[in-house]
**Student:** 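Quick one: the structure is below, and I'll ask about it shortly.
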Amino acid sequence: MPTKNATDDRLNKFKNKGKEPSKLRERRIAECVELRKAAKNENFLKRRNISTLPEDEVLSPHFNTDDYKVTLTTIKEIVGHVNGDCKERQTRGCQAARKLLSRECKPPLKEIVEAGLLSRFVEFLGRDDDPSLQFEAAWALTNIASGTSWHTQQVVEHGAVPAFIALLASPMLHISEQAVWALGNIAGDGPAYRDTLIECNVIPALLSRITPDTPVGYLRNLTWTLSNLCRNKNPFPPLSAVQQVLPSLLQLLHLSDQDILSDACWAVSYLTDGSNDRIDVVVKTGIVPRLVSLMGFEELTVVTPALRSIGNIVSGSDVQTQVAIDAGVLSALPRLMRHNKASVQKEAAWAVSNIAAGPAQQIQQLLTCGLLPPLIDLLRNGDFKTQREAVWAITNFTNGGTVEQVIQLVQSGGLEAILNLLTVKDSKTILVIMDAINNLFMAAEKLGETDKLCLLVEELGGLDKIEMLQNHENDTVYRTAQGLIEKFFTDEEAECLQTEATDTSFIFKTQDVQKTFQF
Amino acid sequence: MELNDGNLQTLTEFMRKTLDPDPSVRRPAEKFLESVEGNHNYPILLLTLLEKSQDNVIRVCAAVTFKNYIKRNWRIIEDEPNKISDPDRTTIKANIVNLMLSSPEQIQKQLSDAISIIGREDFPMKWPDLLTEMVTRFQSGDFHIINGVLRTAHSLFKRYRHEFKSNELWLEIKLVLDTFANPLTELFKATIELCQTHAMDINALKILFSSLTLISKLFYSLNFQDLPEFFEDNMETWMSNFHNLLTLDNKLLQTDDEEEAGLLELLKSQICDNAALYAQKYDEEFQPYLPRFVTAIWNLLVSTGQEVKYDLLVSNAIQFLASVCERPHYKHLFEDQNTLTSICEKVIVPNMEFRSADEEAFEDNSEEYIRRDLEGSDIDTRRRAACDLVRGLCKFFEGPVTAIFSGYVNSMLGEYAKNPGVNWKHKDAAIYLVTSLASKAQTAKHGITQANELVNLTEFFVNHILTDLKSQNVNEFPVLKADAIKYVMIFRSQLPKEQLLQAVPLLVAHLQAESTVEHTYAAHALERLFTMRGPNNSTLITPTEMAPFTEQLLNNLFKALALPGSSENEYIMKAIMRSFSLLQEAIVPYIPTLIGQLTHKLLLVSKNPSKPHFNHYLFESLCLSIRITCKANPTTVGSFEEALFPVFTEILQNDVQEFVPYVFQVMSLLLEIHTSSIPNSYMALFPHLLQPVLWERTGNIPPLVRLLQAYLEKGAATIASSAADKIPGLLGVFQKLIASKANDHQGFYLMNSIIEHMPTESIVQYRKQIFILLFQRLQSSKTTKFIKSFMVFINLYGVKYGAIALQEIFDSIQPKMFGMVLEKIVIPEVQKVSGPVEKKICAVGITKILTECPAMMDTEYTKLWTPLLQALIGLFELPEDDSIPDDEHFIDIEDTPGYQTAFSQLAFAGKKEHDPIGDAVSNPKILLAQSLHKLSTACPGRVPSMLSTSLNAEALQYLQGYLQAASVQLV
């Protein structure tokens with residue numbers, strides 16, 4: 001049972017909260033455990049190449065069948081071709097494998113691996129003399145690497161990393177592009193392989209392919225691979241690698257292709273999803289104004305990661321937050337808070353909650369830029385996850401705001417909106433709301449208007465709800481509710497020294513004074 | 001303990017004895033069992049007994065004993081010994097699930113509880129196979145077993161509904177989902193199929209429906225924290241089945257019982273909860289299903305009867321609609337005029353109707369009725385849910401909803417008019433509808449504070465409320481009378497004053513109604529009207545306006561106390577109190593009769609105090625009688641003492657704890673009225689007031705301190721001359737009080753009175769000790785409250801005995817103590833002192849220190865002189881706390897807490913602020929100027945030079961102002 005107020009955990013993650021100056025704004029809480037489906041808006045960790053080439057004949061039933069036996073027979077044939085010495089048969093075998101691996105349903109990744117084909121495929125990557133063999137092998141390996149971690153591991157352990165990096169330099173653009181793709185899948189597997197790639201100097205090799213003439217399609221793949229190289233925490237990618245990538249990311253962020261912009265933004269969002277020094281590296285590139293302008297785009301695939309990046313940045317230090325404010329984030333947010341996608345509203349509210357965790361001047365800027373009305377709209381009408389973020393915003397606001405700012409909050413309907421949410425089915429949110437109520441009462445005390453606030457809370461139906469919370473099953477919730485009632489809604493009023501007594505009276509006497517008094 | 005027959009036999013015998021009604025047999029047996037429970041195998045013996053004993057009573061007893069044993073001992077507390085041996089733990093976990101499932105229901109329940117207690121500690125890490133073991137039983141096909149598993153799972157999982165999100169918790173839920181979600185879904189589907197197969201078999205259906213209810217509860221728990229991937233993927237299965245179940249009816253499952261909810265109701269009610277959970281938290285994913293549920297739930301409401309057994313279902317269902325209709329993107333589901341009309345007609349209006357159960361409560365259980373109707377403890381009622389739905393709909397559709405209801409109100413009133421005797425309930429519903437439609441915000445203090453502008457409240461009052469109130473027979477249609485009175489009461493802030501004045505005599509007449517609810521409402525309404533504010537912070541209704549009704553009012557109020565069921569009616573008592581307070585001297589002629597009645601009442605209730613609020617108002621009324629009468633003629637105090645002291649003596653002698661603090665307050669009030677020396681009757685009581693046992697009860701402390709202060713004020717000389725041996729005891733009380741952070745200010749109140757009133761010679765010997773105690777407290781736990789009181793005290797001391805005496809006593813305790821206190825406490829903290837009298841005391845005291853204490857001029861304390869002056873000027877010039885305390889007449893005593901925990905302060909025993917300095921100093925600023933002037937003439941040149949070197953410019957400017965105002969100059 002948590003005994004201390006459970007909001008502390010998250011509160012402490014907001015900067016400027018608690019007594020220690022080192023407290024941070026909320027980081028995106030490391031939610032290792034998820035019950036939900038993986039988020040739908042995130043970009044892909046790994047991708048399989050399932051396109052067909054124009055020269056491919058229509059996929060024969062051989063390749064596109066659910067019949068396991070047929071598949072096994074095909075693989076047996078492939079093994080025969082690939083292990084032979086005939087160049088043509090090798091290419092044919094490779095191609096057959098690639099087609100199997102590219103079919104929509106149940107590609108036989110495991111079977112291909114278990115047929116022992118990988119070492120040959122890797123070997124073929126080095127066959128500069130036979131580009132089409134190289135290409136087919138690269139494609140087949142790409143698709144195997146797109147599987148589970150085990151599949152990716154097989155590819156890496158057969159020595160594919162150096163081979164693919166070498167292949168990046170291929171004069172044949174489509175081969176080089178396939179290598180980019182394969183490396184993206186390997187990087188997307190997790191921090192370990194990501195760092196393996198980085199140690200093999202994948203970054204300079206990739207960046208050297210960015211030229212004014214590089215086709216858009218190639219750049220899309222490359223940006224995606226770069227984003228995977230920026231991805232994942234525990235540990236983060238090495239700072240030196242981040243420094244290497246950033247200038248090119250900045251360059252990519254100024255292109256106009258939507259997919260490139262999206263993946264570049266995702267890359268930035270990964271890089272900013274960390275401690276303040278990580279955020280600093282990104283902010284120092286001067287990228288923030290561009291991110292803010294990308295928040296204003298129409299395309300959801302761009303807006304989502306741009307907003308995520310900005311959200312991460314405003315969870316940093318006051319100075320970092322100020323950079324985002326100076327870049328105009330407060331003018332961009334209202335539109336996103338009113339976005340028709342609930343997930344965007346939620347992210348926007350999260351960003352607001354972090355800005356509201358800042359000093360009073362930044363809270364003032366929130367007010368000046370008119371963020372209070374949309375925030376209160378979200379409390380009233382947002383979906384549950386958005387409301388939860390908006391509640392945090394209010395609580396942070398009441399925590400760091402001046403008395404005048406808090407009054408404005410109440411006058412704009414903020415109190416009513418959070419009181420209505422006291423019936424929500426989430427213990428923590430309820431607790432956070434009660435925290436805000438407590439803060440409001442502290443402000444009211446300073447003004448000598450406690451009674452007025454009591455009446456207001458009662459009028460708005462809040463007292464009823466708080467009273468009901470005294471029956472809540474969560475220990476902390478009911479104690480906190482009880483505390484609020486006792487402290488503010490009832491008129492009410494431990495020993496430091498010993499006093500001895502007889503039956504008839506107390507004994508008036510002093511102990512011998514030994515110590516000297518020092519106040 | 002060996003696992004053998006002998007031990008089983010012994011346990012059986014003792015177990016049997018624990019059921020013996022004779023405590024001399026039972027207690028030792030319980031003791032014995034406790035003494036052996038630490039032994040290895042003890043729990044195993046219990047399990048063996050509950051499984052194998054021939055005697056069913058012993059089996060159940062063993063099961064209960066086992067569960068309690070687990071509850072007490074299973075948790076392993078850090079740094080404490082493990083109270084159950086590890087082998088026993090393993091054996092228990094290996095066998096308990098089986099045992100639970102194979103036991104009869106009575107034992108199953110106990111074991112199921114035990115499993116959830118163990119599970120709370122051990123699951124999942126230390127009991128990894130629990131769930132798999134349970135899940136395999138789903139396949140048993142035996143629903144006795146399946147329900148056992150489901151019940152246990154429910155008690156294991158229900159904490160997911162209220163615990164905070166944490167990685168640990170979510171890991172557990174994930175694990176549960178992995179093993180449990182799919183089998184549960186399969187079981188759900190299979191059970192529904194079985195329901196169809198056995199649609200004609202009532203016994204089978206009963207078991208299957210309780211399974212479905214449990215499954216639905218599990219669904220709620222597992223989906224509470226977040227929407228699990230599994231349930232998102234299987235939403236279709238769950239929701240379409242839930243939807244079907246909502247629309248399902250089976251004649252066989254309908255029960256005859258009107259009160260107790262049947263299986264069908266319980267299941268549907270849980271499904272409403274599940275739908276509400278999804279609608280609130282997983283709106284995006286649930287959206288496709290929501291309209292269907294709205295329709296199903298609404299149809300359910302239309303077809304559900306008025307019986308009490310449906311109440312929970314109906315209120316849950318209405319609450320679901322209420323929460324959905326407020327959301328902007330579902331607005332469209334409701335906005336069609338026909339839909340709105342149909343919801344109003346078929347859902348809201350029927351659930352606002354006065355039912356026979358309400359009628360029964362109105363007549364036979366008026367307290368409960370009043371609590372629900374007046375005090376808002378109606379959370380789960382249909383009427384409340386219907387009101388919430390009205391309010392929800394009004395968010396987007398206030399105009400149309402008001403229009404629809406206006407039609408209904410008119411037609412219902414029409415029905416009533418046709419035949420009031422038969423159709424009076426229509427009018428009741430009409431009034432209720434108007435009330436729920438009109439009230440947008442409400443507080444206990446002011447009634448409805450914001451009303452729907454589309455409802456004409458005054459017109460309704462004149463046409464439909466006043467008419468009922470004016471009817472000659474107050475006992476006819478008591479429910480409608482109560483409604484009418486309540487209308488006046490809650491809309492009091494919205495109705496014009498002339499209407500209220502018109503209502504007052506009618507309300508007075510209704511105090512005589514036989515119906516408890518009716519005369520209680522009348523008393524409450526009058527009390528609320530009397531607390532309304534008019535212009536200039538006075539009461540809205542003046543004593544002059546009340547003059548024609550005064551006698552009738554007082555008569556009827558006291559007569560109402562004699563009505564059956566109202567002898568301790570707190571609303572009436574409160575109305576008496578408020579009437580006294582409003583009418584003031586107008587009540588004096590009636591007091592001689594009334595005081596007898598009040599005293600008589602007090603005597604009766606003191607035998608067995610059971611109604612705290614009633615008793616509180618009774619004492620308030622006594623205080624008012626005393627104050628109002630003695631204000632006109634102080635000599636009457638004796639007659640009050642004569643009337644009250646016999647009862648008081650009885651209360652004190654019998655130690656009626658609830659009343660003792662009140663008695664002390666009333667005595668203080670009486671004693672303070674005396675102008676000559678203290679009567680002997682009080683002095684006889686003095687030693688008893690110092691008894692430690694009285695001071696142990698926190699509720700006694702404030703009134704006792706106040707009473708002792710009254711003793712000191714009126715009888716300090718008497719105490720010094722005839723009770724000098726009690727002075728150490730008095731100081732002992734002081735010592736006791738200042739030892740406590742909660743009570744230290746009370747200790748200072750007492751000490752300030754001692755300093756102010758006691759002859760110097762009688763306390764001179766204790767002075768040093770007093771200061772040492774204060775310094776010890778200051779050293780050990782310094783709080784702001786203590787420091788504030790401390791500063792007032794030392795300055796009062798300085799005012800009384802002179803600044804030199806103060807400095808000398810400090811420095812005699814420890815060298816340089818005086819300087820330290822000034823530097824560390826007075827100078828930095830004095831601006832915190834609040835209250836005009838407290839500030840004045842500090843100002844005068846500090847002035848004396850500055851100007852009448854040579855040490856401040858001639859020793860190293862000199863460096864503190866200017867800072868101290870600056871602090872004093874700060875004290876003067878700080879913004880005053882100018883909030884005026886609320887007039888006591890308006891004080892709401894509603895929330896006065898119970899007697900035991902806190903002090904029940906009587907508002908009308910209130911003590912006047914006492915200024916120990918009084919007129920001796922009318923303006924402390926002038927005093928400072930004059931004193932500085934005097935000082936400067938005594939040592940010319942020094943004062944101006946000290947000022948010019950270190951006083952800051954702003955302070956200097958203020959000081960110049962004081963000097964000018966006093967027309968003096970410094971030399």
Side-chain angles (χ1 to χ4, degrees), chain A residues 2 6 9 30-38 342-343 380-381 383-385 423-428 431 448 451 455 458-461 463-464 468 472-474 476-477 489-511 513 515-519, chain B residues 161-165 167 170-171 173-174 177 224-229 232 277 280-281 283-284 327-328 376 379 441-443 445 449 687 690-692 728-729 731-733 735-736 739-742 766 769 772-773 775-782 814 817 820-821 824-825 883 895 897 902-903:
Chain A
D9 289 350
E31 284 168 359
C32 311
V33 191
E34 267 302 342
L35 301 176
R36 284 240 177 202
K37 271 185 187 300
S343 57
R380 291 193 184 125
N381 300 324
D383 80 341
F384 173 67
K385 281 176 286 178
T423 50
V424 88
K425 295 178 181 17
D426 181 79
S427 306
K428 204 166 242 167
L431 203 59
D451 291 346
L455 279 179
E458 187 184 350
E459 259 192 330
L460 296 172
L463 180 57
D464 266 4
M468 275 211 288
H472 199 276
E473 297 219 45
N474 185 297
T476 316
V477 169
F489 293 93
T490 42
D491 318 312
E492 238 182 304
E493 169 123 39
E495 282 184 26
C496 318
L497 303 170
Q498 284 285 309
T499 311
E500 288 166 43
T502 66
D503 282 349
T504 52
S505 68
F506 291 106
I507 300 167
F508 176 66
K509 69 164 191 202
T510 50
Q511 267 84 38
V513 190
K515 279 194 297 193
T516 50
F517 293 111
Q518 189 65 51
F519 308 126
Chain B
R161 300 172 175 197
H162 54 79
E163 290 220 342
F164 297 124
K165 172 184 178 178
N167 267 343
W170 282 35
L171 266 177
I173 297 176
K174 218 174 157 64
L177 287 166
F224 195 92
Q225 292 273 333
D226 204 346
L227 174 59
E229 182 166 4
E232 188 175 345
L277 175 73
Q280 187 186 83
K281 294 184 91 168
D283 191 31
E284 197 181 342
R327 302 186 78 87
I379 289 150
Q442 184 168 12
T443 69
K445 205 166 183 171
T449 51
L690 306 176
Q691 285 173 21
L731 293 169
V733 170
Q735 178 169 353
K736 171 79 181 167
S740 144
K741 282 186 193 170
Y766 305 112
Q769 268 176 291
I772 290 175
L773 283 170
F775 291 146
Q776 281 174 341
R777 169 64 211 276
L778 207 51
Q779 178 105 320
S780 69
S781 47
K782 186 159 62 168
Q814 182 180 307
M817 175 73 102
M820 180 165 70
V821 171
K824 298 285 173 40
I825 294 176
S883 65
D895 300 323
F903 164 50

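A note on names: the letters A, B, ... follow the listed sequences, proteins ahead of strands, and every chain is numbered from 1. Here the structure is a predicted model, which is why all the values come from computation and not from measurement.
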**Student:** For the interface with chain A, which of B/Val733, B/Leu778, B/Ile173, B/Leu177 has the highest count of heavy-atom pairs at distances below 4.5 Å?
**Tutor:**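 Most heavy-atom pairs within the cutoff with chain A belong to B/Leu778.
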
**Student:** Can you say whether A/Asp503 sits under 4.5 Å from chain B via the side chain, the backbone, both, or neither, judging by heavy atoms?
**Tutor:**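 Looking at A/Asp503, just its backbone touches chain B.
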
**Student:** Who wins among B/Arg327, B/Lys174, B/Gln280 for the most heavy-atom pairs under 4.5 Å with chain A?
**Tutor:**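 So the answer, after comparing B/Arg327, B/Lys174, B/Gln280, is B/Gln280.
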
**Student:** Given the options A/Thr423, A/Leu460, A/Leu35, which has more heavy-atom pairs under 4.5 Å with chain B than any of the others?
**Tutor:**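 When all of A/Thr423, A/Leu460, A/Leu35 are compared, A/Leu35 has the most.
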
**Student:** In Å, rounded to the nearest 0.5 Å, how long is the span from CD of B/Gln225 to CG of A/Asp426?
**Tutor:**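 Taking CD in B/Gln225 and CG in A/Asp426, the distance rounds to 7.0 Å.
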
**Student:** Given the options B/Asp283, B/Leu277, B/Val821, B/Ile825, which has more heavy-atom pairs under 4.5 Å with chain A than any of the others?
**Tutor:**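 Of the candidates given, the most pairs with chain A belong to B/Leu277.
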
**Student:** For A/Leu455, is it the side chain, the backbone, both or neither that has a heavy atom under 4.5 Å from a heavy atom of chain B?
**Tutor:**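 Both parts, backbone and side chain.
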
**Student:** Return the option, out of A/Glu473, A/Arg380, A/Lys425, with the maximum number of heavy-atom pairs under 4.5 Å with chain B.
**Tutor:**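 Most pairs with chain B among the choices: A/Lys425.
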
**Student:** Measure the spacing between CD1 of A/Ile507 and CG of B/Leu731 and express it to the nearest 0.5 Å.
**Tutor:**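 A/Ile507 atom CD1 to B/Leu731 atom CG measures 13.0 Å (nearest 0.5 Å).
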
**Student:** Can you measure from NZ (A/Lys385) to CG (B/Asp226) and round to the nearest 0.5 angstrom?
**Tutor:**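 One finds 6.5 Å between NZ of A/Lys385 and CG of B/Asp226.
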
**Student:** List the atom of B/Trp170, the atom of A/Glu34, and the distance in Å for their closest heavy-atom pair.
**Tutor:**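 Distance-wise, the nearest heavy atoms are CZ3-OE1, 4.1 Å.
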
**Student:** What heavy-atom pair brings B/Gly729 and A/Ser505 nearest, and what distance separates the two atoms?
**Tutor:**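 Looks like CA-CB, 3.9 Å.
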
**Student:** Most heavy-atom pairs under 4.5 angstrom with chain A, which of B/Pro692, B/Pro687, B/Gly732, B/Pro328?
**Tutor:**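 Counting heavy-atom pairs under 4.5 Å, the top option is B/Pro692.
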
**Student:** Between atom NE2 of B/His162 and atom NE2 of A/His472, what is the distance when rounded to the nearest 0.5 Å?
**Tutor:**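 Rounded to the nearest 0.5 Å, the NE2-NE2 separation comes to 8.0 Å.
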
**Student:** For a quick test of reading the model, state the closest non-hydrogen atom pair linking A/Ser427 to B/Arg161 and the distance between them.
**Tutor:**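 Nearest heavy atoms, A/Ser427 then B/Arg161: OG-O, 4.4 Å.
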
**Student:** Who wins among B/Gln691, B/Gln769, B/Met817, B/Lys824 for the most heavy-atom pairs under 4.5 Å with chain A?
**Tutor:**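 Ranked by heavy-atom pairs under 4.5 Å with chain A, first place is B/Gln769.
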
**Student:** Begin with the C-alpha distance, continue with both residues' side-chain angles, and end with the deciding distance and a verdict on side chain to side chain contact (heavy atoms under 4.5 Å, CB included) for B/Phe164 and A/Val477.
**Tutor:** CA-CA 10 Å; B/Phe164 297 124; A/Val477 169; 4.3 Å; yes

